[in-house]
Amino acid sequence: MSTEHLSDVTTGTDTSPEGSDSVEYADSRETTEGRVYTVSGGDWEDLIEDSRHDERMVINMGPQHPSTHGVLRLVLEMEGETVTQLRSVIGYLHTGIEKNCEYRTWTQGVTFVTRMDYLAPLSTEMAYCLGVEKLLGIQAPRRAELLRVMLLEINRIGSHLVYIATGGMELGATTAMTLGFREREEVLHLLEHLTGLRMNHAFIRPGGLAQDMPADYHEVVSQFVKTMDERLPLYDKLFTGQPIWRNRLKGVGYLPVDACLALGVTGPVLRSAGLPWDMRKTEPYSRYEEFEFDIPTSTEADCWARYLLRVEEMHQSLRIIKQCLKKLEPGPVMVEDKKVAWPAQLSIGSDGMGNSLEHVRKIMGQSMESLIHHFKLVTEGFKVPPGQTYTSVESPRGELGVHLVSDGGTRPLRVHVREPSFVNLQSMPAMAEGGLVADVIAAIASIDPVMGGVDR
């Protein structure tokens, strides 16, 4: 095979005849770890130079802009009010979550991945734990699987409410912010009651759940469903039938189904283009195949269709939650295997949350073997057989997949997440170029990206 056009892998420079004369090395310095290069501002300087001699204008939108959904930077090249070129610049919120997981036990990894998509933390927990369970060759008990579904759908409603609240505010509908966050508070209060935390729950664990639901969960969840059934029609009154809102979104951010497939876009954006792809139906997990619900779709492929779909998805989530309450029966919420099942003896006590008194009494005063086992499980974690797996779930933003690799130890060898916000953000240029700068805001809102997932 000819190698004359390959790059020099030691320097990353183009060593072909055409490129060898035009190499400009970045500033560098020698350190104890080797040579470190300093590269900065390349994309900005290039764009400024390109547009210097014509009517084009280059502006920065973000990363501090309130309408870029966090720390997203958009470099816009414009002719008047029309966007001729758009570049998404990411990386302002890097957390190194995937790499950090390699230095923690499999159970501790849950506390990291839950912080990626902080609007739908339970979805990431779910995908991660399903992957670990597949490697272990175990399945969570039926009650745990049904409770997982219930929690995921409650979380989906909360995430879609933030989309309406923030998207409406960015387009000038400030009442959307007031109403959306009012309803989201109901979601967060409920999740706090059920899991102990409003966000970043780390409640879904390999093998099941951290603990069972509180005694009054049925009444509390039923009341939440009743409240949301009463309040969701307000959004149709305030937005769906509102001509200003409709005109602001209709025909904006157009992305047909072939473009979605080419870019790997999933979730409401893909379904708004007519393809009913939803992991809950196409590749069911956690007993989703037992539930009756619809996957709303549209062929409009614009911001208006995405708004309508998300409102309908909230109604479908309430439908699933009602079925969960009917299906739930008493039973364990963690696998029986004691080599995996920590922490399964958690209970709410005088300290807020901790191991049950019976469990503490046994490991501290009755069984030395139980104490040793508990100590090793907490400090070292359980071993996972060698192998690798890819597991995906349907998050509020689309297909969320987790690729796990195990070398047989108590820590992951590799954790990589296919985050839908990261993939869907690729569609920004296709949606925005050729449109008005004001419509860029509507297009971003319709993708609903969470930068914690993009910059994980």
Side-chain angles (χ1 to χ4, degrees), residues 110 114 120-130 132-133 138-160 186-198 201-230 232 278-281 283-295 313-337 340-348 353 356 391 393-396:
V110 178
T114 189
L122 288 161
S123 294
T124 325
E125 293 175 26
M126 182 70 166
Y128 175 84
C129 290
L130 286 176
V132 178
E133 289 165 8
I138 61 175
Q139 184 177 2
R142 175 179 173 80
R143 180 175 174 84
E145 290 193 313
L146 293 175
L147 287 173
R148 284 175 171 184
V149 169
M150 186 179 77
L151 292 170
L152 285 171
E153 296 308 318
I154 294 171
N155 205 180
R156 190 184 311 276
I157 293 171
S159 179
H160 285 345
E186 298 285 347
V187 172
L188 295 184
H189 280 312
L190 177 61
L191 289 175
E192 183 178 20
H193 184 74
L194 299 179
T195 71
L197 291 168
R198 286 161 62 89
H201 315 273
F203 191 74
I204 298 176
R205 305 285 176 90
L209 302 175
Q211 66 181 43
D212 206 345
M213 294 283 106
D216 63 345
Y217 82 92
H218 196 286
E219 295 77 22
V220 176
V221 175
S222 298
Q223 181 58 47
F224 167 77
V225 171
K226 182 181 177 183
T227 301
M228 292 306 298
D229 277 335
E230 291 173 355
L232 278 182
D278 189 307
M279 304 307 294
R280 297 173 294 173
K281 286 283 191 182
E283 295 180 20
Y285 51 92
S286 194
R287 302 185 186 271
Y288 264 111
E289 64 276 7
E290 297 182 12
F291 292 87
E292 292 183 10
F293 63 100
D294 299 322
I295 305 298
E313 282 185 14
M314 287 193 281
H315 286 288
Q316 296 300 323
S317 290
L318 290 172
R319 188 177 166 192
I320 295 172
I321 294 168
K322 292 175 189 174
Q323 294 175 58
C324 279
L325 292 175
K326 291 180 180 178
K327 291 175 181 289
L328 281 167
E329 298 175 355
V333 294
M334 180 61 80
V335 291
E336 294 296 324
D337 186 356
V340 176
W342 185 89
Q345 295 85 15
L346 286 177
S347 62
I348 298 176
M353 183 179 289
S356 66
T391 315
V393 303
E394 185 69 28
S395 94

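Each residue takes its place number in the sequence, starting with 1.
- Within the model, atoms OG1 of T391 and CD of E283 stand 10.0 Å from one another, a figure rounded to the nearest 0.5 Å.
- With contacts defined as side-chain heavy-atom distances shorter than 4.5 Å, the pair V220/F224 does not qualify.
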- Are L122 and L191 close enough, and set up right, to give a side chain to side chain contact (heavy atoms under 4.5 Å, CB included), and what steps lead you there? CA-CA 10 Å; L122 288 161; L191 289 175; 4.1 Å; yes
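- In terms of the side-chain hydrogen bond (donor to acceptor under 3.5 Å, both in side chains) criterion, N155 has no residue partners (sequence neighbours excluded).
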- Task: Would you please test S395 and T124 for side chain to side chain contact (heavy atoms under 4.5 Å, CB included) and show each step?
- Result: CA-CA 8 Å; S395 94; T124 325; over 6 Å; no
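- With sequence neighbours excluded, the residues forming a ring pair (Phe, Tyr, Trp, His ring centres under 6.0 Å) with Y285 are Y288, listed by chain and number.
- Interatomic distance, CD of E394 versus OG of S123, reported as 9.0 Å (0.5 Å rounding).
- Within the 4.5 Å cutoff, the side chain of E153 has heavy atoms near those of the R280 side chain.
- The two atoms that bring V110 and P206 nearest to each other are CG2-CD, 3.9 Å, heavy atoms only.
- Nearest approach of H201 to E125, heavy atoms of both residues: N-OE2, 3.5 Å.
- A donor-acceptor pair is defined here as one N or O able to donate and one able to accept, closer than 3.5 Å; no such pair exists between the side chain of H193 and the backbone of H189.
- Nearest heavy-atom pair, L318 versus V225, reported as atom, atom and distance to 0.1 Å: CD2-CA, 4.1 Å.
- The structure places CD of Q139 at 9.5 Å from CG of L130, a figure rounded to the nearest 0.5 Å.
- Of all heavy-atom pairs between M150 and Y217, the closest is CE-CD1, 4.4 Å.
- Pairs engaging residues 320-333 under the side chain to side chain donor-acceptor pair (under 3.5 Å) rule: D229-K322 [sequence neighbours left out].
- Here the CG atom belonging to L194 is positioned 10.5 Å from the CG atom belonging to D212, to the nearest 0.5 angstrom.
- The existence of a salt bridge linking E313 and R319 is excluded, since no basic side-chain nitrogen approaches an acidic carboxylate oxygen closer than 4.0 Å.
- In this structure, the side chains of P332 and R143 stay at 4.5 Å or more apart for every pair of heavy atoms.
- Among all heavy-atom pairs drawn from Q316 and D294, the shortest one is OE1-N, 3.0 Å.
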- Task: Given side chain to side chain contact (heavy atoms under 4.5 Å, CB included), test V333 with Q211 step by step and report yes or no.
- Result: CA-CA 7 Å; V333 294; Q211 66 181 43; 5.7 Å; no
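- Closest of all the heavy-atom pairs between C324 and L146 is SG-O, 3.6 Å.
- No salt bridge links R148 with E145; every basic N to acidic carboxylate O contact stays at or beyond 4.0 Å.
- The local environment of CD in E292 is sparse, with at most 12 non-hydrogen atoms from other residues, nucleotides or ligands closer than 6.0 Å.
- The main-chain N or O of F293 is found under 3.5 Å from a side-chain atom of K281 such that the two form a donor-acceptor pair.
- The CD1 atom of I320 lies 12.5 Å from the CG atom of L325; values are rounded to the nearest 0.5 Å.
- We find that E290 and R142 are joined by a salt bridge, their nearest charged nitrogen and carboxylate oxygen being less than 4.0 Å apart.
- The distance from the CG atom of L147 to the OG1 atom of T195 is 12.0 Å, given to the nearest 0.5 Å.
- Applying the 6.0 Å contact sphere to CD of E192 captures more than 12 heavy atoms from other residues, nucleotides or ligands.
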